[in-house]
Amino acid sequence: APFTPSDLSTTLLALLATFIASGAGLGGGGLLVPMFVLSGFDARHAVPLSEATIFGSMLTNLAFNLRLAHPSAPHRPLIDFDAAMMLEPST
(Lines give C-alpha, C1' and ligand atoms only; values in the text may rest on other atoms or scores of the structure.)
Protein backbone atom coordinates (compact mmCIF):
# COMPACT_ATOMS: atom_id res chain seq x y z
CA ALA A 1 0.00 0.00 0.00
CA PRO A 2 1.28 3.51 -0.73
CA PHE A 3 2.38 5.93 1.99
CA THR A 4 -0.70 7.98 2.90
CA PRO A 5 -1.12 11.30 4.73
CA SER A 6 -2.34 9.30 7.73
CA ASP A 7 0.93 7.33 7.67
CA LEU A 8 2.87 10.60 7.59
CA SER A 9 1.00 12.03 10.57
CA THR A 10 1.49 8.79 12.53
CA THR A 11 5.21 8.84 11.72
CA LEU A 12 5.57 12.45 12.85
CA LEU A 13 3.63 11.75 16.06
CA ALA A 14 5.85 8.71 16.73
CA LEU A 15 8.95 10.88 16.29
CA LEU A 16 7.55 13.48 18.67
CA ALA A 17 6.63 10.79 21.23
CA THR A 18 10.12 9.26 21.07
CA PHE A 19 11.73 12.71 21.44
CA ILE A 20 9.64 13.37 24.55
CA ALA A 21 10.26 9.89 25.99
CA SER A 22 13.98 10.09 25.28
CA GLY A 23 14.24 13.46 26.98
CA ALA A 24 12.48 12.02 30.02
CA GLY A 25 14.69 8.92 30.06
CA LEU A 26 11.81 6.56 29.28
CA GLY A 27 11.24 4.00 26.54
CA GLY A 28 8.01 5.53 25.31
CA GLY A 29 5.76 2.47 25.07
CA GLY A 30 3.14 4.17 27.22
CA LEU A 31 2.91 6.92 24.62
CA LEU A 32 3.43 4.91 21.44
CA VAL A 33 1.02 2.00 21.88
CA PRO A 34 -2.08 4.16 22.50
CA MET A 35 -1.00 6.51 19.70
CA PHE A 36 -0.67 3.61 17.24
CA VAL A 37 -4.05 2.20 18.35
CA LEU A 38 -5.70 5.60 17.90
CA SER A 39 -4.05 5.83 14.47
CA GLY A 40 -5.90 2.72 13.34
CA PHE A 41 -3.60 -0.18 14.22
CA ASP A 42 -5.00 -3.01 16.29
CA ALA A 43 -3.15 -4.01 19.49
CA ARG A 44 -1.56 -7.05 17.79
CA HIS A 45 0.32 -4.68 15.49
CA ALA A 46 0.66 -1.63 17.76
CA VAL A 47 2.73 -3.43 20.41
CA PRO A 48 5.44 -4.84 18.07
CA LEU A 49 5.53 -1.57 16.12
CA SER A 50 6.07 0.27 19.41
CA GLU A 51 8.87 -2.14 20.35
CA ALA A 52 10.59 -1.61 16.99
CA THR A 53 10.27 2.17 17.37
CA ILE A 54 11.72 2.05 20.90
CA PHE A 55 14.60 -0.15 19.68
CA GLY A 56 15.45 2.39 16.97
CA SER A 57 15.29 5.20 19.52
CA MET A 58 17.55 3.24 21.86
CA LEU A 59 20.15 2.73 19.12
CA THR A 60 20.11 6.45 18.33
CA ASN A 61 20.51 7.38 22.01
CA LEU A 62 23.37 4.90 22.37
CA ALA A 63 25.15 6.32 19.31
CA PHE A 64 24.93 9.86 20.71
CA ASN A 65 25.79 9.02 24.34
CA LEU A 66 28.52 6.43 23.79
CA ARG A 67 31.20 9.08 23.14
CA LEU A 68 30.23 11.42 25.97
CA ALA A 69 32.06 11.65 29.28
CA HIS A 70 30.56 11.86 32.76
CA PRO A 71 30.04 15.56 33.66
CA SER A 72 31.75 15.40 37.09
CA ALA A 73 34.31 12.68 36.25
CA PRO A 74 35.64 13.25 32.72
CA HIS A 75 37.74 10.07 32.80
CA ARG A 76 34.56 7.95 33.07
CA PRO A 77 32.00 7.38 30.32
CA LEU A 78 28.54 8.92 30.60
CA ILE A 79 26.90 5.47 30.47
CA ASP A 80 27.42 3.38 33.60
CA PHE A 81 27.92 0.00 31.94
CA ASP A 82 28.32 -1.83 35.28
CA ALA A 83 24.88 -0.64 36.39
CA ALA A 84 23.41 -1.52 32.99
CA MET A 85 24.82 -5.05 33.17
CA MET A 86 23.46 -5.49 36.70
CA LEU A 87 19.97 -4.21 35.85
CA GLU A 88 19.46 -5.74 32.39
CA PRO A 89 18.97 -9.42 33.41
CA SER A 90 15.96 -8.38 35.49
CA THR A 91 14.13 -6.87 32.50
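These figures come from a predicted structure and were not determined experimentally.
Applying the side-chain hydrogen bond (donor to acceptor under 3.5 Å, both in side chains) rule to Asp42 yields the partners Arg44, His45; only residues at least two apart in sequence or on another chain are considered. Asn61 meets the side-chain contact (heavy atoms from CB on, under 4.5 Å) test with Ser22, Ser57, Asn65; sequence neighbours excluded. Residues satisfying the side-chain contact (heavy atoms from CB on, under 4.5 Å) criterion with Ala73, sequence neighbours excluded, are His70, His75, Arg76. Every side-chain contact (heavy atoms from CB on, under 4.5 Å) that Leu62 has, sequence neighbours left out, goes to Leu66, Ile79.
Proximity of Pro71 to Leu78: side-chain heavy atoms (C-beta onward) are separated by under 4.5 Å at one or more points.
Membership of an apolar cluster is not assigned to Phe64, as no side-chain contact below 4.5 Å to another ILVMFWY residue is traced. The other residues sharing a hydrophobic cluster with Leu59 are Phe55, Met58, where clustering joins ILVMFWY side chains under 4.5 Å apart.
Distance CD1/Ile54 to OG/Ser50: 3.5 Å, rounded to 0.5 Å.
Counting only residues at least two apart or on different chains, no salt bridge (charged side-chain N to carboxylate O under 4.0 Å, His left out) pair has a member in residues 22-41.
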Side-chain donor-acceptor contacts of residues 23-41 below 3.5 Å, not counting sequence neighbours, with atom names and distances?
unit_1 : atom_1 : unit_2 : atom_2 : d
Ser39  : OG     : Thr10  : OG1    : 3.4
Ser39  : OG     : Met35  : O      : 2.8

